[in-house]
Protein chains: 2
Amino acid sequence: MTMDAKKRKRLEAAGWTVGDARDFLKLSPGEAALVEMRIALSRSLRERRLDAGLTQIALAKQLGSSQSRVAKLEAGDASVSLELLIRALLAIGASRRDVANALARRVA
Amino acid sequence: MTMDAKKRKRLEAAGWTVGDARDFLKLSPGEAALVEMRIALSRSLRERRLDAGLTQIALAKQLGSSQSRVAKLEAGDASVSLELLIRALLAIGASRRDVANALARRVA
DNA sequence: TTGACATATGTCAAATTGGGCATAATATTA
DNA sequence: TAATATTATGCCCAATTTGACATATGTCAA
């Protein structure tokens with residue numbers, strides 16, 4: 001994890017809400033893009049799961065994972081990788097293009 | 001790692017070339033998509049690096065990583081995650097949309 | 001050829017991520 | 001309201017991923 005991400009975690013743990021993370025924390029464009037991707041994928045995952053009428057437990061089963069991890073996936077928790085996020089999307093039937101679209105989706 | 005991915009590794013280690021991995025190994029659509037994404041991102045990474053006139057060492061430095069890992073990234077090695085692949089693309093200046101496009105790119 | 005540079009591959013300790021459990025918080029329904 | 005279902009969060013530690021290193025292989029010009 002990068003320095004800035006650690007800093008953010010510390011701040012959030014201390015009860016701060018980070019309004020505009022991008023320049024407040026001076027994230028590099030790449031770091032910012034990564035955060036945005038995580039958010040975009042998280043949201044798509046939740047939408048797809050709900051559209052499919054699945055509970056987190058049901059999705060976890062399809063994924064071969066646990067409810068708690070699905071909750072973290074959808075929360076964009078720092079402990080989940082893009083890798084797992086993408087696996088999860090594929091697990092509920094998203095195509096490669098669907099994932100690409102989700103990835104590029106606006107989140108601001 | 002999944003069962004089938006392990007199987008593929010064993011086969012490749014034994015000297016086999018996997019022509020059409022998709023149905024020979026009976027990968028699920030999701031697993032196949034994941035493999036394709038890895039390949040697509042790997043290729044985009046190498047193209048971008050070469051276009052930028054960078055060596056693997058130079059890119060490794062920008063990434064905060066090592067030459068060997070960059071080599072593995074470009075080789076689509078099983079030991080690299082989509083996460084790192086995406087970080088690498090962002091590190092050489094790809095935008096979120098660029099990554100999305102790369103991800104969806106045809107590889108067959 | 002040799003030498004210099006670039007890339008590939010194997011290994012391993014350290015760091016990150018994952019699964020699963022317990023439990024808390026938050027709906028939702030009777 | 002209480003009971004039930006769903007989602008969130010913290011924790012542990014096993015598994016995976018990573019950076020770094022050594023070394024092998026490949027490339028190309030002198």
Side-chain angles (χ1 to χ4, degrees), chain A residues 1-6 8-10 12-15 17 31 34-35 37-39 41-43 45-92, chain B residues 1-6 8-10 12-15 31 34-35 37-38 41-43 45-92:
Chain A
M1 180 177 290
T2 65
M3 201 57 148
D4 283 341
K6 283 205 178 80
R8 181 168 48 83
K9 271 175 88 172
R10 244 185 300 116
E12 290 177 349
T17 292
E31 288 169 331
L34 213 48
V35 172
M37 286 182 185
R38 218 189 283 282
I39 295 172
L41 293 175
S42 295
R43 291 184 181 169
L45 180 61
R46 167 154 282 173
E47 280 175 15
R48 279 185 170 268
R49 177 177 65 80
L50 294 178
D51 283 355
L54 295 174
T55 69
Q56 291 182 342
I57 291 180
L59 174 54
K61 189 158 299 184
Q62 285 188 24
L63 235 187
S65 183
S66 58
Q67 179 268 325
S68 60
R69 196 132 293 276
V70 172
K72 283 160 190 166
L73 280 169
E74 296 184 353
D77 188 286
S79 84
V80 308
S81 67
L82 291 186
E83 175 100 26
L84 188 61
L85 230 12
I86 291 174
R87 280 186 187 287
L89 280 166
L90 295 174
I92 45 176
Chain B
M1 180 176 289
T2 65
M3 201 56 149
D4 283 340
K6 282 206 179 80
R8 180 168 49 85
K9 269 178 87 172
R10 245 186 298 116
E12 289 177 349
E31 286 168 334
L34 215 45
V35 171
M37 287 181 184
R38 217 187 286 281
L41 293 175
S42 295
R43 291 183 181 170
L45 180 61
R46 167 154 281 172
E47 281 175 14
R48 278 183 169 268
R49 176 177 65 82
L50 294 178
D51 283 355
L54 295 175
T55 69
Q56 291 183 342
I57 291 180
L59 174 55
K61 190 158 301 186
Q62 285 189 25
L63 236 186
S65 183
S66 57
Q67 178 269 324
S68 61
R69 194 133 297 274
V70 172
K72 283 160 189 165
L73 280 169
E74 295 184 354
D77 188 286
S79 83
V80 308
S81 67
L82 290 186
E83 175 99 26
L84 188 62
L85 229 14
I86 290 174
R87 287 179 117 86
L89 282 167
L90 296 174
I92 47 176

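Any value given below was found using the heavy atoms of this structure, including those in side chains, with hydrogens, waters and symmetry copies removed.
- Taking atom CG of B:L63 as the reference point, atom C1' of D:dT17 lies 14 Å away to the nearest angstrom.
- The shortest distance between the side-chain N/O atoms of B:R49 and the OP1/OP2 oxygens of C:dT7 is below 4.0 Å.
- Taking atom CD of residue A:Q56 and atom C1' of nucleotide D:dT6, one finds them 7 Å apart after rounding to whole Å.
- As rounded to whole Å, 13 Å separates atom P of D:dA20 from atom CG of B:L59.
- Across all their heavy atoms, A:A60 and A:S66 have their closest contact at CB-C, 3.4 Å.
- Comparing D:dT7, C:dT11, D:dT18 by their nearest atom to the side chain of A:I57 picks out D:dT7.
- The nearest whole Å value for the distance from the CG atom in B:L85 to the P atom in D:dT18 is 9 Å.
- Within the 4.0 angstrom heavy-atom criterion, no nucleotide atom of any strand lies near A:V70.
- Rounded to an integer number of Å, the gap from B:R69 CZ to C:dT16 P is 14 Å.
- Distance alone, capped at 3.5 Å, places no donor-acceptor pair between the A:R38 side chain and the A:G76 backbone.
- Residue-level contact check: B:S66 touches the bases, meaning some heavy atom is under 4.0 Å from a base atom.
- Taking atom CG of residue B:L45 and atom P of nucleotide C:dA8, one finds them 11 Å apart after rounding to whole Å.
- Between the CG atom of B:L73 and the C1' atom of D:dT18 there is a distance of 10 Å, given to the nearest Å.
- Both B:L84 and B:S68 lie near DNA chain D, and the one whose nearest nucleotide falls closer to the 5' end is B:L84.
- Considering only side-chain N and O atoms, B:R46 lies under 4.0 angstrom from the phosphate OP1 or OP2 of C:dA8.
- If you check distances only, the side chain of A:K72 never reaches the base of C:dG19 with a donor-acceptor pair under 3.5 Å.
- Rounded to an integer number of Å, the gap from A:Q67 CD to C:dG20 P is 12 Å.
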